[in-house]
S.K.: 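The structure's right below; bear with me while I get my questions together.
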Amino acid sequence: MLSASTLSAWAKSDRDGGSLSLVRHLADSAAVAGLVWDRWLPESTKRVISEGFPEGPADGRLLLRWLAGVHDVGKLTPAFACQVPALADVMHDKGLDLRNPPANRRALPHGLAGQAELERFLLGLGWGRKVAQSYSIVVGSHHGVPPTRSESQSAPHQRALLGEGQWISSRDELMLHVTKSVGVLGRLPQWQRIALPVTVQALLTAAVIVSDWIASNQDLFPLDSARVSSVAAVEAWEVLGLPAPWRPSARLSGTELFRARFDLPAGAGVRPLQAECVRVAERMPVAGLMIVEAPMGEGKTEAALLAAEILARRFGFGGVFVALPTMATSNAMFDRVREWAQRLPDAVGSMFLAHGKAALNSSFSELRHKGFASIGVDCGDSGVAAHSWYVGKKGPLANVVVGTIDQVLRAALKTRHVMLRHLALANKVVIVDEVHAADSYMSTYLARCLEWLGAYRVPVLLLSATLPPAQRISLVDAYSRGASGGNPAVAAVTAETYPSVTVWPPGVDPAPVPASGRSIEVVSEWIADDLAGVVAVVRDALAGGGVAGIVCNTVARAQQMFTALSEDPGFAEDELLLVHSRFVASHRAALEARLRAALGPPSKAVRPGRFVLVGTQVIEQSLDIDVDLLITDLAPMDLLLQRIGRLHRHVRPDRPSRVTLPRCPIRGVDRTSAVPVPGKGSVAVYGAARLLRAAAVLEGRSDPVIRIPDEVPQLVAGAYAETVVCPGGWEDVMAGAERRWREFVAGQQVRARDYLLGSPYGEMSTLRGWIAVGVPDDLEGVAGQAQVRDAEDTIEAIMVRRAGAEVYALDEAAGYGGRLVPTDAPPDPGLAKALAACTIRLPAMLTNYGRMGVVIDALEAACYPGWQQSPWLAGELVLELDEDGCAVVAGHQLRYDNRLGLLIERIGN
């Protein structure tokens, strides 16, 4: 048998070909795990891990340290040790036979070997197999992919790969050594009766992964240094400087709390909805679910942040995750949350922007550039940190995260290291804004994610202006299933008024919430869809000044509408703005900044005398803008009301006389026949059934006036009722549309299940096979994002202009417009970043019908060797425009216009 001192002489290979004592690394990992528990995990996560253990958090801390201390025991096997011959010879000389290195070593990864050996070790101590498996699976999963059931069953029989005789006794000695040194040996007899639930297995695995990553950092733990692990770990932790979890302590309430957190204008008070959210958060008996439904402009975001602060303080959560529908809304929310965080008396610590283009956000880049930068009144303990450790898949582990809803939904996606996402969410209060925007495909992932959040008892706030009743019930059911162990749960309590707050579990009764006095009466009317007629309506309404917003369901319709306005001599160029998804990223960001500066809240915007905004769905989602006249394509009722929420949103006593009354003309429908016919583009986006349902509800009203907020619930409920009442003569058309919609939804749900993570309860007792058949690993999450949205495959490319042999940046490249771009050498970092911001996502019309490969081949023809040396540009596809701003791709003519964005026209038939 080998002694511990002999074992310490054995060296394992690493990626750099160096060597590091296995015993020392395991000791370092255990020591780091203790600091992870003491200084990094919030009380809420410790509570979940420790629940059921006789010594509570003390046992939880020991358990984490022990599992981190044995996580690499599978490296003490022939399958792993044979990799570096020189080091293998050292082991052989110490008595570990490696005369015949195994040829199929990849059949037994060291994580799987460690799982098999820890299970054998525990069985030898008298543990039952099921309990032992619930602990050993953490070791088997520490590289982010739990072994499958068949792998777990076959591993103990891989004798040549595991090694026999001295190999077994050495592993036993190593595990016993770690068990004694961590102080767990005396606890094992009691633990052997406590099986770990899958929720605890997932969180422990994630915490072990974090501990392993830190302990494997050669800058923090040099390979050639002699050290005492407990001392070295503390020193390394100080150097790493990970911020502690947020620990809110302030106990303000009412107007005092709001004024301390937000820059309220003089005379402003707390709105009834906001006061109710604070009251409910203060009185909830346990962490649970709140669904906040209120009209646009009622301050739901502010209410949610305050409720999150209270819930985090009461139940020991260490941060907040705010999720929104799009990158654009996430970028806007990042600044709002950052301002809120800076006003908090207790440091939130780390902050992160979670989406694929976060590096191009100027506010976030400012923090990232500093590596670890504090901002705030004293630029010290009460600040916001953008820590350099939080990158890639580690980013969502930061204390305060703002990102797209995809970043939350991926917690229900079978993908490598998904347990890190579980730890990231289990640590925080989770806020999902515009939750109604999730279609039936995304809702499948959202429901499963809510099950897991319920199982972790994470406080969740779901925000919406227009939530169909059936969707509300479905969301509550999902969360309550998780929180109740998969058993039928008591129903949520919902206030019978609108605005409303729904609470689960019951224990505090939501009070009726009056509107804040911001009610408006909107005159809705059908108008013809011809462009000249719409231009005339706008010209007449704005004859005395004012702002009109025109929302179109497709980019092509928005471009056509903007062109018609541009060609009218009555409008000047600076009075018109077009916003949609087919502008390059930096150009779109600049347009949206201009939009907020012109039409945002009165305290932050300089409103033009006359202005027309034309846009797509980006206008309806989370943008705090205000228009005097709204013209919209017909849309599903909940989204139609979302758009109306931008109409007379802010209190303005000086609106021009012709737009003092809120009006919402509706277009996009051919009404010349007995049954209205929505445009093909709108049907492709929303489906005919939901459009016809909205039209039927509007047609069934004798009064053209829509009263906001009073009539919002009945309008949404009517449009989403199981059977909608439609005008006479519509029955056959409606029946066909309904049938097609049901088939479409069923198909979405089936496709979503392909990569859907299992439920936290049921037949699954361990993480074995948890993410089998998962999506490919992807550092930036692009593959995962595509998987949780039911979108057709598209391609993103950097757009440049070529003139002869030279390549130039687009004029829209911020700070580098028209700059000559090197292609044989890497561009300087500033230019490279500006080019990376000139990306555009090509529409599906170019890549569907089997044309994906053709498009990729065409773009790869522009291969710039120098770009592969730039971290901003390496691996990116390039779309070259000619001197006229045009390109031909897959039988389509593409042209980029400074005002219209990307224009696409099919060549020939």
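No experiment lies behind these values; they were computed from the predicted model shown.
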S.K.: Just jot down the salt bridge (Lys or Arg N to Asp or Glu O under 4.0 Å) partners of E238, sequence neighbours excluded, or say none.
M.R.: R39

S.K.: Work out which heavy atom in L423 is nearest to a heavy atom in L203; give both atom names and the distance.
M.R.: CA-CD2, 3.8 Å

S.K.: Would you sort out whether W770 and H417 count as a ring pair (Phe, Tyr, Trp, His ring centres under 6.0 Å), showing the intermediate values?
M.R.: CA-CA 11 Å; W770 200 34; H417 287 116; over 10 Å; no

S.K.: Output the distance between atom CD1 (I137) and atom CD (Q133), rounded to the nearest 0.5 Å.
M.R.: 8.0 Å

S.K.: Evaluate the criterion side chain to side chain contact (heavy atoms under 4.5 Å, CB included) for residue pair L176 and D172; output intermediate values, then yes/no.
M.R.: CA-CA 6 Å; L176 185 60; D172 284 343; over 6 Å; no

S.K.: Classify the ring geometry between H387 and Y390 as parallel (under 30°), tilted (30 to 60°) or perpendicular (over 60°).
M.R.: perpendicular

S.K.: Identify the two heavy atoms, one from A202 and one from M419, that lie closest to each other, and give their separation to 0.1 Å.
M.R.: O-CB, 3.6 Å

S.K.: Take L204 and L64 through the side chain to side chain contact (heavy atoms under 4.5 Å, CB included) test and state the conclusion after the steps.
M.R.: CA-CA 7 Å; L204 281 170; L64 175 58; 4.2 Å; yes

S.K.: The criterion is ring-ring contact (aromatic ring centres under 6.0 Å, His included); which residues satisfy it with W127, sequence neighbours excluded?
M.R.: Y135

S.K.: Do you know the tightest heavy-atom contact between K428 and A398?
M.R.: CE-O, 2.6 Å

S.K.: Whether the side chain of R65 engages the backbone of A30 through a donor-acceptor N/O pair (distance < 3.5 Å, no angle test) should be reported.
M.R.: yes

S.K.: Looking only at heavy atoms, which two atoms of P459 and L311 are closest? And how far apart?
M.R.: CB-CD1, 3.8 Å

S.K.: Output all residues satisfying side-chain contact (heavy atoms from CB on, under 4.5 Å) with P42, sequence neighbours left out; order by chain, then residue number.
M.R.: S44, T45, P245, N427

S.K.: For A411, check side-chain contact (heavy atoms from CB on, under 4.5 Å) against everything at least two apart and list the hits.
M.R.: R421, H422, L425, C449

S.K.: What verdict does the ring pair (Phe, Tyr, Trp, His ring centres under 6.0 Å) test give for W246 and W40, after you've listed the backbone C-alpha separation in whole Å, the side-chain angles of each residue and the deciding distance to 0.1 Å?
M.R.: CA-CA 10 Å; W246 177 41; W40 191 70; over 10 Å; no

S.K.: What residues form a ring-ring contact (aromatic ring centres under 6.0 Å, His included) with W191, not counting sequence neighbours?
M.R.: F53

S.K.: Keeping to residues at least two apart or across chains, list the side chain to side chain donor-acceptor pair (under 3.5 Å) pairs with something in residues 197-207.
M.R.: none

S.K.: Assess whether side chain to side chain contact (heavy atoms under 4.5 Å, CB included) is satisfied between V320 and W340, documenting all intermediate values.
M.R.: CA-CA 12 Å; V320 179; W340 164 76; 4.1 Å; yes

S.K.: Can you see which heavy atom on V131 is nearest to which on I194, and at what distance?
M.R.: CG1-O, 3.6 Å

S.K.: In Å, rounded to the nearest 0.5 Å, how long is the span from CG of L161 to CG of L112?
M.R.: 10.0 Å

S.K.: Whether the W167 and T77 side chains hold a donor-acceptor pair (N or O, under 3.5 Å, no angle test) is what I'd like checked.
M.R.: no

S.K.: Has E51 got more than 12 heavy atoms of other residues, nucleotides or ligands less than 6.0 Å from its CD?
M.R.: no

S.K.: Who are the side-chain contact (heavy atoms from CB on, under 4.5 Å) partners of A358, not counting sequence neighbours?
M.R.: L353, H355, F364

S.K.: I want to check something: taking the side chain as every heavy atom from C-beta on, are N361 and F334 in contact at a cut-off of under 4.5 Å?
M.R.: yes

S.K.: Tell me if a side-chain donor or acceptor on S154 pairs with a main-chain N or O of E151 at a distance below 3.5 Å.
M.R.: yes

S.K.: Any side-chain heavy-atom pair from D346 and L344 closer than 4.5 angstrom?
M.R.: no

S.K.: Evaluate the side-chain proximity of V210 to W389: yes if any heavy-atom separation is below 4.5 Å, no if none is.
M.R.: yes

S.K.: Hey, what do you get for OG (S29) to CH2 (W66), rounding to the nearest 0.5 Å?
M.R.: 15.0 Å

S.K.: Ion pair present between D38 and R61, side-chain N to carboxylate O less than 4.0 angstrom?
M.R.: yes

S.K.: May I ask you to test the K46-L41 pair for a side-chain heavy-atom distance under 4.5 Å?
M.R.: yes

S.K.: What's the verdict on side chain to side chain donor-acceptor pair (under 3.5 Å) for S363 and R338, showing C-alpha distance, side-chain angles and the deciding distance?
M.R.: CA-CA 9 Å; S363 180; R338 179 178 168 180; 2.6 Å; yes

S.K.: Could you tell me if the side chain of H177 sits less than 4.5 Å from the side chain of L26, heavy atoms only?
M.R.: no

S.K.: Please check if the side chain of Q158 supplies one atom and the backbone of A107 the other of a donor-acceptor pair under 3.5 Å.
M.R.: no

S.K.: Would you say L240 and L220 make side-chain contact, with heavy atoms under 4.5 Å?
M.R.: yes

S.K.: State the CG-OG distance between N399 and S350, to the nearest 0.5 angstrom.
M.R.: 3.5 Å

S.K.: Mind checking salt bridge (Lys or Arg N to Asp or Glu O under 4.0 Å) for R47 and listing every partner two or more places apart, or none if nothing turns up?
M.R.: none

S.K.: What are the two closest non-hydrogen atoms of V348 and A341, and how far apart are they?
M.R.: CG2-CB, 4.0 Å

S.K.: Go through the steps to decide whether L76 and L96 satisfy the test side chain to side chain contact (heavy atoms under 4.5 Å, CB included), and finish with yes or no.
M.R.: CA-CA 10 Å; L76 187 49; L96 296 173; 3.9 Å; yes

S.K.: Quick one: are V401 and V322 in side-chain contact, heavy atoms under 4.5 Å?
M.R.: no

S.K.: For the CG atom of L123 and the CD atom of Q192, what is their distance to the nearest 0.5 Å?
M.R.: 10.5 Å

S.K.: Which residue pairs pass the side chain to side chain donor-acceptor pair (under 3.5 Å) test when at least one of the two sits in residues 106-115, sequence neighbours left out?
M.R.: D72-H110, H110-H142, H110-H143, Q115-S152

S.K.: When rounded to the nearest 0.5 angstrom, what is the spacing between CG in D212 and CG in N217?
M.R.: 11.0 Å

S.K.: With sequence neighbours left out, what residues match D59 under salt bridge (Lys or Arg N to Asp or Glu O under 4.0 Å)?
M.R.: R187

S.K.: Checking K75 side chain against A113 main chain: does a donor-acceptor pair fall under 3.5 Å?
M.R.: no

S.K.: Hey, are R313 and S249 close enough side-chain-wise for a donor-acceptor pair under 3.5 Å?
M.R.: no

S.K.: Mind checking salt bridge (Lys or Arg N to Asp or Glu O under 4.0 Å) for R129 and listing every partner two or more places apart, or none if nothing turns up?
M.R.: E119

S.K.: Do L397 and F352 have side-chain heavy atoms sitting under 4.5 Å apart?
M.R.: no

S.K.: Checking R343 now: which residues fulfil side-chain contact (heavy atoms from CB on, under 4.5 Å) with it, not counting sequence neighbours?
M.R.: D263

S.K.: I'd like to know if the side chain of S141 reaches the main chain of V138, judged simply by a donor and an acceptor atom lying under 3.5 Å from each other, with no hydrogens or angles considered.
M.R.: no

